[in-house]
Amino acid sequence: MILVFCELKEGQLRKPSAEALSEGRRLADASGKKLGALFAGASCTGATEAAKYGADLILTAEAPTLASYSSDAYATVLADAVKAKGATVLMAAATAEGKDVIPRAAARLGAGYASDVTGLSMVDGKLQAVRPVYAGKAFATTTFATPVQVATTRPNVFPAAEKPGPGIVESLPAPTGDFKSMVKEILAKASGKVDLSEANIIVSGGRGMKDGANFKILEELADAIGGVVGASRAAVDAGWGLPHSMQVGQTGKVVSPTLYIACGISGAIQHIAGMSGSKFIVAINKDPEAPIFKLASYGIVGDLFEVVPELTKAAKALGIGSR
Amino acid sequence: MKILVTLKQVPDTETKIKVAADGRSLDPADVKWITSPYDEYALEEAIRIKERIGAEVIALSVGGDAVKDVLKNALALGADSAVLLRGEGQSDAFGVAQMIAAYVRDKGFDLILCGNMGIGGDNAAMGPMLAELLGVAQANVIVKLEIGDGTFRAEREIEGGSEIVEGALPAVISAQKGLNEPRYASLKGIMAAKKKTIEEIEAAPVTPGARISALALPPQRPAGRKLEGEPAAQASSLLQALKDEAKVF
Ligand SMILES: Cc1cc2nc3c(=O)[nH]c(=O)nc-3n(C[C@H](O)[C@H](O)[C@H](O)COP(=O)(O)OP(=O)(O)OC[C@H]3O[C@@H](n4cnc5c(N)ncnc54)[C@H](O)[C@@H]3O)c2cc1C
């Protein structure tokens with residue numbers, strides 16, 4: 001069996017989880033295996049949505065003790081489910097929770113782990129992964145030496161294709177007892193917008209924005225085209241009040257949106273490392289020699305303070321929004 | 001309080017990646033090696049805890065002679081002692097976690113600090129794997145850390161915000177940018193480090209997890225084009241192109 005750990009948000013399957021499930025279905029078909037979707041929490045209402053993406057089996061570990069995320073408790077749920085079902089592949093999306101729990105579960109299972117993968121295949125019944133290394137400056141084909149193989153899938157890379165499966169629900173025992181650590185509180189950012197790592201369109205600003213307050217014009221463009229705003233490290237470190245969570249690059253977020261619009265960003269190697277996986281790249285820069293143009297699908301040489309508002313205006317006129 | 005800081009030596013972020021003749025590793029020619037930036041936050045945090053409440057800080061790195069540079073730097077910054085675990089430090093996270101776990105066991109560490117990711121390998125896995133192998137608590141991608149009496153309280157970055165994780169010590173905590181601003185080594189620190197020795201230990205044998213069987217450069221991006229004209233004209237050609245050619249909208 002291929003087992004995919006899935007996350008619910010407000011009772012709905014998170015998109016990165018749907019992508020991982022969908023890829024799991026493809027791998028299960030390719031290797032004649034069954035696909036299981038695994039959920040944990042105080043309530044797993046909404047887990048049945050996994051059937052839409054081809055789950056043969058939907059496993060739920062429901063208990064009041066699992067209401068808050070706990071690395072060790074969740075790792076126990078995952079590892080126990082793998083053992084109970086004799087699964088040979090464990091997957092999840094490379095979300096904050098996935099990246100926290102999956103390596104812990106892998107170590108419990110004595111299994112090799114490939115994180116943040118962008119390609120998966122089954123070779124002789126075993127998982128094989130392709131993953132970006134050196135922040136996307138190279139890709140590593142990764143093979144496993146262990147009977148159980150574990151991977152997390154990078155959000156926004158694998159399509160979430162609907163393919164109905166039987167989705168038979170089975171409940172699992174939940175761990176009890178002392179957990180070593182637990183989430184006590186969630187401090188949400190006010191905006192409520194999707195995270196950069198999951199965004200389909202990103203409008204990013206660099207040192208060329210000159211001031212944090214000027215990011216307002218990027219917000220306006222992002223709102224008009226259904227995107228979210230990111231930044232270069234130079235902008236984040238400039239003391240303009242931009243949080244590090246906005247930083248794109250080798251020491252920030254690595255993103256792979258459909259569209260990345262870089263405004264006043266020169267294209268330093270560490271920035272490119274974080275966004276070169278974008279499908280389309282637009283560069284707006286007044287310096288025609290800026291390295292970012294080497295990467296750009298579309299380049300605009302000009303003053304961003306003139307071009308960006310025009311883009312917002314034109315987008316509104318054309319009635320463009322997110323798909 | 002006894003704190004271990006694990007440090008990984010990685011290629012500088014400026015490195016132009018070339019694939020070695022074996023087709024599966026990085027060509028080491030012209031590569032400048034540095035301490036992984038996230039590990040610097042981990043070390044700085046350990047030194048700050050030491051300054052605040054008193055602690056013994058031990059720096060550890062897995063590798064060969066080359067990683068002594070990383071350890072010397074850690075000693076200059078304020079680590080009390082350093083351990084070189086002789087073993088394959090660039091290989092898979094599971095192997096490295098096992099080596100470090102074998103060293104750590106029964107040494108009475110209260111806290112193990114590491115970077116949330118070793119840049120280059122980009123696995124972000126060693127910390128949680130180590131925590132599991134040691135059977136202790138973990139908190140990853142931490143931007144704030146408070147140490148209590150046998151407990152910790154950490155703020156960790158998640159999608160769209162952060163969350164507060166509380167747990168028991170000992171624990172493995174992995175640092176994110178924003179946790180602190182690392183200091184530079186002082187002349188006094190550098191001089192003091194010269195007198196400290198690096199303990200060398202042969203790493204325990206491990207069960208391998210995953211290995212890289214091929215390394216390749218990303219495919220070339222198709223050539224792009226520049227959009228000409230006044231800002232308004234550039235803006236409308238861009239949106240047309242994104243709509244009709246790229247089909248983004
Ligand atoms: C260890 C390490 C890690 C790093 N990690 C990251 C990372 O994760 N992410 C990251 O982004 N960087 C990172 N950096 C920093 C990186 O090297 C660059 O310094 C940084 O990306 C530069 O940001 P920038 O492009 O915004 O600024 P600059 O390089 O200063 O570029 C500003 C650009 O704005 C243009 N401009 C100015 N005014 C206008 C205008 N009115 N209209 C249009 N264009 C204008 C200029 O022509 C210029 O090209 C890292 C560096 C190191 C050493």
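A note on names: the letters A, B, ... follow the listed sequences, proteins ahead of strands, and every chain is numbered from 1. From a predicted model like this one, the values you see are computed outputs, not experimental measurements.
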K.L.:
Name the option with the most non-hydrogen atom pairs under 4.5 Å to chain A; the candidates are B:S237, B:A125, B:P37.
P.N.:
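With the most close heavy-atom pairs to chain A, the winner is B:A125.
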
K.L.:
So what's closer than 4.5 Å to chain B heavy atoms on A:A111: side chain, backbone, both or neither?
P.N.:
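Looking at A:A111, just its backbone touches chain B.
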
K.L.:
Which region of A:A114, side chain (C-beta onward) or backbone (N, CA, C, O), has a non-hydrogen atom less than 4.5 Å from a non-hydrogen atom of chain B, or is it both or neither?
P.N.:
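For A:A114, neither part sits under 4.5 Å from chain B.
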
K.L.:
Are A:N200 and A:P257 close enough that some pair of their side-chain heavy atoms sits under 4.5 Å apart?
P.N.:
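No - every pair of side-chain heavy atoms lies 4.5 Å or more apart.
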
K.L.:
Quick one: which of A:V236, A:L318, A:I281 has the most heavy-atom pairs under 4.5 Å with chain B, could you say?
P.N.:
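Among A:V236, A:L318, A:I281, the one with the most close pairs to chain B is A:I281.
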
K.L.:
Name the option with the most non-hydrogen atom pairs under 4.5 Å to chain A; the candidates are B:A235, B:G161, B:G167.
P.N.:
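Sorted descending by pairs with chain A, the first entry is B:A235.
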
K.L.:
Tell me, side chain or backbone of B:I158 under 4.5 Å from chain A's heavy atoms, or both, or neither?
P.N.:
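For B:I158, heavy atoms of backbone and side chain both lie under 4.5 Å from chain A.
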
K.L.:
Do NZ/NE/NH1/NH2 and the carboxylate oxygens of A:R131 and B:D122 come within less than 4.0 Å?
P.N.:
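Between B:D122 and A:R131 there is no salt bridge, as every charged N stays at least 4.0 Å from the carboxylate O atoms.
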
K.L.:
Check whether A:Q247 gets within reach of chain B through its side chain, its backbone, both or neither, counting any heavy atom under 4.5 Å.
P.N.:
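Side chain only.
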
K.L.:
So, is the end of the B:K177 side chain (NZ or CZ) under 6.0 Å from the ring centre of B:Y41 and within 45° of the ring's axis?
P.N.:
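No, cation not above the ring by the 6.0 Å, 45° rule.
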
K.L.:
Just so I understand: if I count every heavy-atom pair under 4.5 Å between each of A:A138, A:A75, A:A314 and chain B, which residue has the most?
P.N.:
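Between A:A138, A:A75, A:A314, the count favours A:A138.
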
K.L.:
For a quick test of reading the model, state the closest non-hydrogen atom pair linking A:L196 to A:I202 and the distance between them.
P.N.:
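So the two residues come closest at O-CD1, 3.6 Å.
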
K.L.:
Could you tell me if the ring centre of A:Y69 sits under 6.0 Å from that of A:Y74?
P.N.:
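They qualify: ring centres under 6.0 Å apart.
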
K.L.:
Can you give each donor-acceptor pair under 3.5 Å made by side-chain atoms of residues 128-138 of chain B, sequence neighbours left out, with the distance rounded to 0.1 Å?
P.N.:
{"from": "B:E132", "atom 1": "OE1", "to": "A:R104", "atom 2": "NE", "distance (Å)": "2.9"}
{"from": "B:E132", "atom 1": "OE1", "to": "A:R108", "atom 2": "NE", "distance (Å)": "3.3"}
{"from": "B:E132", "atom 1": "OE1", "to": "A:R108", "atom 2": "NH2", "distance (Å)": "3.1"}
{"from": "B:E132", "atom 1": "OE2", "to": "A:R108", "atom 2": "NE", "distance (Å)": "2.4"}
{"from": "B:Q138", "atom 1": "OE1", "to": "A:R104", "atom 2": "NH1", "distance (Å)": "3.1"}
{"from": "B:Q138", "atom 1": "NE2", "to": "A:S71", "atom 2": "OG", "distance (Å)": "3.4"}
{"from": "B:Q138", "atom 1": "NE2", "to": "A:D100", "atom 2": "O", "distance (Å)": "2.9"}
{"from": "B:Q138", "atom 1": "NE2", "to": "A:D100", "atom 2": "OD1", "distance (Å)": "3.4"}
{"from": "B:Q138", "atom 1": "NE2", "to": "A:D100", "atom 2": "OD2", "distance (Å)": "3.1"}

K.L.:
Below 4.5 Å from any heavy atom of chain A, which atoms of B:I17 appear? Answer side chain, backbone, both or neither.
P.N.:
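Just the side chain, heavy atoms under 4.5 Å.
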
K.L.:
Looking at B:T207, B:T151, B:V141, B:T15, which makes the most heavy-atom pairs under 4.5 Å with chain A?
P.N.:
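With the most close heavy-atom pairs to chain A, the winner is B:T15.
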
K.L.:
Checking A:I269 against chain B: side chain, backbone, both or neither under 4.5 Å from a heavy atom?
P.N.:
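The answer is the side chain of A:I269.
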
K.L.:
Quick check on A:I186 against chain B: is it the side chain, the backbone, both or neither that has a heavy atom closer than 4.5 Å?
P.N.:
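Contact with chain B: backbone and side chain both.
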
K.L.:
Against chain A, label B:E155 side chain, backbone, both or neither, depending on which of its atoms sit under 4.5 Å from a heavy atom there.
P.N.:
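For B:E155, the contact with chain A is made by the side chain alone.
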
K.L.:
Side chain, backbone, both or neither: which part of B:A168 has a heavy atom under 4.5 Å from chain A?
P.N.:
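Both backbone and side chain.
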
K.L.:
I need the minimum non-hydrogen distance between A:N156 and A:A199, along with the two atoms involved.
P.N.:
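Closest pair (atom of A:N156, atom of A:A199, distance): ND2-O, 2.8 Å.
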
K.L.:
Pick whichever of B:L239, B:L242, B:L217 has the most heavy-atom pairs under 4.5 Å with chain A.
P.N.:
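That would be B:L239.
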
K.L.:
What part of B:R221 gets within 4.5 angstrom of chain A, counting heavy atoms only: side chain, backbone, both, or neither?
P.N.:
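When you check distances to chain A, only side chain atoms of B:R221 fall under 4.5 Å.
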
K.L.:
Tell me, for A:S278 versus chain B, whether the close heavy atoms (under 4.5 Å) come from the side chain, the backbone, both or neither.
P.N.:
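Only the backbone of A:S278 comes within 4.5 Å of chain B.
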
K.L.:
Please identify, among A:F293, A:F179, A:F144, A:F280, the residue contributing the most non-hydrogen atom pairs under 4.5 Å to chain B.
P.N.:
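Of A:F293, A:F179, A:F144, A:F280, A:F280 has the most heavy-atom pairs under 4.5 Å with chain B.
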
K.L.:
To the nearest 0.5 Å, tell me how far B:L179 CG sits from B:E45 CD.
P.N.:
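Answer rounded to 0.5 Å: 4.0 Å.
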
K.L.:
Give the member of A:K253, A:M182, A:E306 that has the highest number of heavy-atom pairs under 4.5 Å with chain B.
P.N.:
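Greatest number of close heavy-atom pairs with chain B: A:M182.
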
K.L.:
If you count every heavy atom of other residues, nucleotides or ligands that lies below 6.0 Å from B:K144 atom NZ, does the total exceed 12?
P.N.:
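No, the 6.0 Å shell around NZ holds no more than 12 heavy atoms from other groups.
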
K.L.:
Is it the backbone or the side chain of A:S276 that comes under 4.5 Å from a heavy atom of chain B, or both, or neither?
P.N.:
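The backbone, not the side chain.
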
K.L.:
With chain B, which of A:K294, A:K99, A:Q270, A:E198 has the greatest number of heavy-atom pairs at distances under 4.5 Å?
P.N.:
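The answer is A:Q270.
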
K.L.:
With only heavy atoms counted, which part of A:V282 is less than 4.5 Å from chain B, the side chain, the backbone, both or neither?
P.N.:
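For A:V282, the side chain is the part near chain B, not the backbone.
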
K.L.:
Quick one: which of A:G277, A:P309, A:S245 has the most heavy-atom pairs under 4.5 Å with chain B, could you say?
P.N.:
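Answer, by heavy-atom pair count under 4.5 Å with chain B: A:S245.
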
K.L.:
Going through the checks in order, is the side chain to side chain donor-acceptor pair (under 3.5 Å) test met by B:S174 and B:N140?
P.N.:
CA-CA 5 Å; B:S174 79; B:N140 295 301; 3.0 Å; yes

K.L.:
Could you report the tightest heavy-atom contact between A:Y134 and B:P11, atom names first, then the distance?
P.N.:
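Result for this residue pair: CE2-CG, 3.7 Å.
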
K.L.:
Measure from NZ or CZ of B:K2 to the centre of the six-membered ring of B:F109, then state whether that distance is under 6.0 Å and the direction lies within 45° of the axis.
P.N.:
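Yes.
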
K.L.:
May I ask you to check whether over 12 heavy atoms, not counting those of B:D30, lie within 6.0 Å of atom CG?
P.N.:
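At most 12 heavy atoms, drawn from other residues, nucleotides or ligands, come within 6.0 Å of this atom.
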
K.L.:
Side chain, backbone, both or neither: which part of B:P218 has a non-hydrogen atom closer than 4.5 Å to chain A?
P.N.:
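Both parts, heavy atoms under 4.5 Å.
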
K.L.:
Any salt bridge linking A:D116 with A:R154? Criterion: basic side-chain nitrogen under 4.0 Å from a carboxylate oxygen.
P.N.:
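Yes.
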
K.L.:
At a heavy-atom distance under 4.5 Å, which candidate from B:T13, B:L215, B:I212 has the highest pair count against chain A?
P.N.:
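The residue among B:T13, B:L215, B:I212 with the greatest pair count is B:T13.
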
K.L.:
Based on non-hydrogen pairs under 4.5 Å, which of B:K226, B:Q220, B:K16, B:R24 is most in contact with chain A?
P.N.:
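The residue among B:K226, B:Q220, B:K16, B:R24 with the greatest pair count is B:K226.
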
K.L.:
Can you tell which part of B:R156 gets under 4.5 Å to a heavy atom of chain A, answering side chain, backbone, both or neither?
P.N.:
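It is the side chain, since no backbone atom gets that close.
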
K.L.:
Where does B:E230 contact chain A at under 4.5 Å (heavy atoms): side chain, backbone, both or neither?
P.N.:
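When you check distances to chain A, no heavy atom of B:E230 falls under 4.5 Å.
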
K.L.:
Got a salt bridge between B:E159 and A:R14, using NZ or NE/NH1/NH2 to carboxylate O under 4.0 Å?
P.N.:
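A salt bridge is present here (some side-chain N lies under 4.0 Å from a carboxylate O).
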
K.L.:
Under a 4.5 Å heavy-atom cut-off, does chain A meet the side chain of B:S162, its backbone, both or neither?
P.N.:
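For B:S162, backbone and side chain are both near chain A.
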
K.L.:
In the structure I gave you, are the side-chain heavy atoms of A:V101 and A:L78 within less than 4.5 Å of one another anywhere?
P.N.:
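A side-chain contact exists here, since the closest heavy-atom pair is under 4.5 Å.
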
K.L.:
Quick one: does NZ or CZ of B:K247 land under 6.0 Å from the six-membered ring centre of B:F249, within 45 degrees of the ring axis?
P.N.:
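Verdict for B:F249: no cation-pi partner in B:K247.
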
